[in-house]
Every structure is written in structure tokens, then in C-alpha cells.
Amino acid sequence: MRNIDKDNITLEELYRLYTKQNNRLNIIIKRSDKQELKFRELNQELNEYKNNLEEKVKIATKEIVELNLEIEETQREVIFTMGAIGENRSKETGNHVKRVAEYSKLLALFYGLDEEEAELLRKASPMHDIGKIAIPDAILNKKGQFTDEEFELMKAHSQIGYDMINQSNRPLLKTAAILAFQHHERFDGDGYPQGLKGEEIHIYGRITALADVFDALGSDRCYKKAWNDNRIFDFFKQEKGGYFDPRLVDIFFENLDKFLEIRDNMRD
Amino acid sequence: MENLLYAQTQHTPQIEFNEKEKTISITGNSYPEDSFSFYQPIIQWLKEFMGNCSQNDTVKVIIFIDYMNSSSLKVYFEFFDILEEGNDKGVKIDIDWYYQIDNDIAEETGEDFALDFETLNIKLISRN
Ligand SMILES: [Fe+2]
Ligand SMILES: [Fe+2]
């Protein structure tokens with residue numbers, strides 16, 4: 001800007017300078033407003049984009065959750081169907097596997113396993129006899145005593161079931177593999193296939209053994225009639241530390257009403 | 001007289017003033033925290049340089065500023081005032097005002113300068 005010599009400047013010149021500076025100021029203000037407007041528009045666009053993104057993430061998350069539920073549901077169905085194949089062929093009812101699953105969860109919780117593990121056990125339980133798929137009908141449904149040879153074949157269902165399921169790394173199937181393998185082990189070491197003793201048998205195996213036998217004794221089977229409760233209870237007392245983990249037998253009797261309630265609610 | 005060189009920063013443009021070649025170029029953004037003190041030595045250099053120029057000299061000015069804040073804009077009026085003084089005394093001054101094709105604010109700013117300094121030779125050039 002030119003220096004203004006106050007003494008010599010005319011009013012006209014001063015007015016011209018004033019107008020010039022005022023015009024420039026207007027240009028600056030006008031441009032500043034434009035930039036502000038642009039900034040606001042961009043900001044708004046950004047916010048809309050952000051909201052949109054949040055909405056999209058929400059939808060995607062919901063879809064993933066639903067998909068996961070569906071996968072879990074499918075998994076459960078497959079497990080029950082697989083279990084049912086084994087059980088049905090041996091004329092056991094669908095409710096048998098469901099009751100055993102519920103007893104197992106209850107035993108697990110009273111034994112001190114956490115809810116997550118107990119639930120895992122409940123879900124895996126229906127697969128414990130999956131190995132029976134490989135056992136011929138003639139043996140599965142035989143009325144009367146097995147020959148030694150037949151019994152050896154029957155016993156193979158533990159190993160077969162284990163080999164079938166143990167391929168997977170999923171916790172559920174890993175659990176199921178343990179059940180399939182160990183549900184005929186006895187606490188005193190006289191069970192099969194490995195003859196494991198006491199706590200060598202995984203807690204899942206000990207639980208399933210008790211739950212499975214409790215339910216089997218109370219049901220009609222091709223080879224026997226259902227036992228009455230007193231006979232079952234006597235058997236359990238007798239097999240405390242024999243067939244069954246003594247701690248689990250105690251738990252069973254201490255909470256007998258809850259086990260009977262499950263049985264009543266899920267009758268065949 | 002020393003040439004004037006400033007490297008570009010996030011807030012300030014690259015400045016390349018060459019006395020012998022008589023070229024002046026400013027490229028980048030201009031929103032320094034304190035525009036007046038940032039541009040003070042630049043304006044000073046330009047004043048001195050213009051004072052040394054004589055009638056037959058040709059000066060090439062290139063300005064390519066994407067974004068400038070309001071105080072920078074005020075400084076550039078002063079900048080053009082100095083160029084106009086040189087132009088008035090017969091120095092030939094060519095000014096190229098560059099702007100990105102979609103940057104209408106930079107384009108309009110160039111137009112505003114061309115309108116305000118009608119005797120100056122300001123050419124508006126768009127770039128992709
Ligand atoms: Fe079995
Ligand atoms: Fe069973």
C-alpha cells in the first residue's frame with residue numbers, strides 16, 4: 001500500500017484509497033465466507049459418511065451374529081442327528097440322548113465346572129455313541145447275551161466314535177471325541193477300551209458314564225426291561241467307586257430331585 | 001542481492017525468487033499461523049528487487065496456491081501492489097496464476113486479482 005502523506009493528500013484521493021481498501025476487504029470477506037461454506041459442506045458430507053458407515057457396520061455385525069447363530073444351530077442339529085443315528089439303530093429313543101445331555105450338564109455344574117464348559121458338555125453329549133454307526137444291526141439289536149466275539153465288536157464303538165470325531169480341532173468335537181472314547185470306562189479300571197482308572201478318566205467321560213447308565217437303566221432296552229428306581233439307586237450305591245466316580249454318585253443323590261425332574265419332563 | 005528460497009511446508013508454500021533470472025515462483029498452500037510475519041521478508045525482498053528493476057526488464061511471476069487463508073490473501077494484495085508499481089514504471093511483468101481445475105475458490109481469487117489490478121498482465125491457467 002502506498003504511503004499516505006497526510007498533508008498533501010486530497011479528499012478525493014483519500015476517498016479513492018478508502019474505496020480501494022474497502023473493495024479488497026470485501027473480496028477477502030466474500031472469499032472467506034465461501035471457504036467457510038465449503039468447509040461446512042465437507043464437514044456435513046463427512047458426518048453423513050460416518051453415520052452411513054456406522055449403520056453399515058451395525059448391519060454387517062448383525063448379519064455376522066445371525067450367521068453365527070445359524071452355524072451353531074446347524075451344528076447342534078447335525079450333532080443330534082448323528083447321535084440319533086447311533087441311538088435309533090439300537091432302538092434307543094431320541095429323548096434318551098437329550099436326557100443324558102441334561103443330566104451331564106447338571107453333573108458338570110455341581111461338580112464345579114463353569115457354565116461354559118458344562119454347556120459344551122451338554123452339546124457334545126449326544127455324540128457319545130456315534131461309533132455305533134459301524135456296528136451291525138444284528139449285534140446292536142440282539143436280544144439276550146452277546147457272545148465274546150460280539151461283545152468285542154460292540155466295544156469297538158468307543159474307538160470308532162473317537163476316530164470319527166477326533167479329526168476336528170473345534171472344542172465341541174474335541175469334547176465329543178473324549179466322550180465317545182471314555183464313556184464306557186469304569187472308575188475301578190474295569191471298563192473299556194483303555195481300562196483307565198479313577199481320575200485317569202477325563203471328568204467328561206466319568207460324567208457321561210453315570211448319566212448314560214442312569215438313563216439306560218430306567219428305560220426299556222432290547223435286552224432288558226426298565227429297572228425301578230429303588231433297584232437303580234441300589235445299583236448306584238453299590239457301584240460308587242466301582243463303575244462310577246464316588247464324588248459324582250454323591251452329587252447325584254444330593255440332587256436327586258433335579259435329575260428326576262429332568263426325567264419327568266423329558267419322558268419318552 | 002541474495003536469491004530467496006523457502007522449502008514447502010504443510011502450511012507454507014515453496015518460494016523461489018531468482019534475482020538474475022528475474023523469476024518469482026510461489027507454489028503450495030498458504031495458511032501460516034502468522035501470515036504477516038511469514039511474508040514480511042518476502043515482501044521486503046520483492047520491494048528491493050522491484051526497486052532495482054529497470055524499464056527494459058522482464059519479470060516472470062508464477063503463483064500456484066491451492067489454498068490460502070484470509071490473512072495470506074490480504075498479504076497478496078500488497079504483493080500485487082508492489083508488482084503494479086513496477087509495472088507503472090515500465091518493467092514488463094508476466095504473471096501466471098495457476099489453479100487446479102476443480103478448485104473454484106482459487107480460480108475466483110485469481111479473477112479477483114485480475115479485476116482489482118487491471119493494468120497488470122495476469123493470466124489464469126487451469127491444471128488437472
Ligand atoms: Fe456306548
Ligand atoms: Fe447311550
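Computation of the quantities below employed the complete heavy-atom set of this structure, encompassing side-chain atoms and omitting hydrogens, waters and symmetry-equivalent molecules. Convention: sequence-line order gives letters A, B, ...; per-chain numbering from 1.
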ask   = How about B/Y67 and A/Q35: do any of their side-chain heavy atoms sit closer than 4.5 Å?
value = yes
query = So do the side chains of B/E78 and A/R24 get within less than 4.5 Å of each other, counting heavy atoms only?
reply = no
key: CG/A/L11: more than 12 non-hydrogen atoms of other groups inside 6.0 Å   = no
key: A/K34 NZ to B/E108 CD distance, which is reported to the nearest 0.5 Å   = 3.0 Å
query = If you measure from CZ on A/R31 to CG on B/L73, what distance do you get to the nearest 0.5 Å?
reply = 4.5 Å
note = Rounded to the nearest 0.5 Å, the CD1 atom of A/I27 sits from the CZ atom of B/F77 at a distance of 4.0 Å
note = Per-residue tally against chain A (heavy atom, under 4.5 Å) across B/I105, B/N69, B/L115, B/T109 peaks at B/I105
query = Is the CD atom of A/Q167 crowded by more than 12 outside heavy atoms at less than 6.0 Å?
reply = yes
Over 12 non-hydrogen atoms of neighbours within 6.0 angstrom of NZ in A/K197 = no
query = Within a reach of under 6.0 Å around CD of B/E118, are more than 12 heavy atoms found that belong to other residues, nucleotides or ligands?
reply = no
key: Greater than 12 external heavy atoms within 6.0 Å of B/K89's NZ   = yes
remark   = chain A shares the most heavy-atom pairs under 4.5 Å, among B/D116, B/D104, B/I82, with B/D116
ask   = If you count the non-hydrogen atoms of other residues, nucleotides and ligands that lie under 6.0 Å from CD in A/E54, is the total more than 12?
value = yes
task = Hey, could you give me the OG/CG distance between B/S70 and A/L25, rounded to the nearest 0.5 Å?
result = 10.0 Å
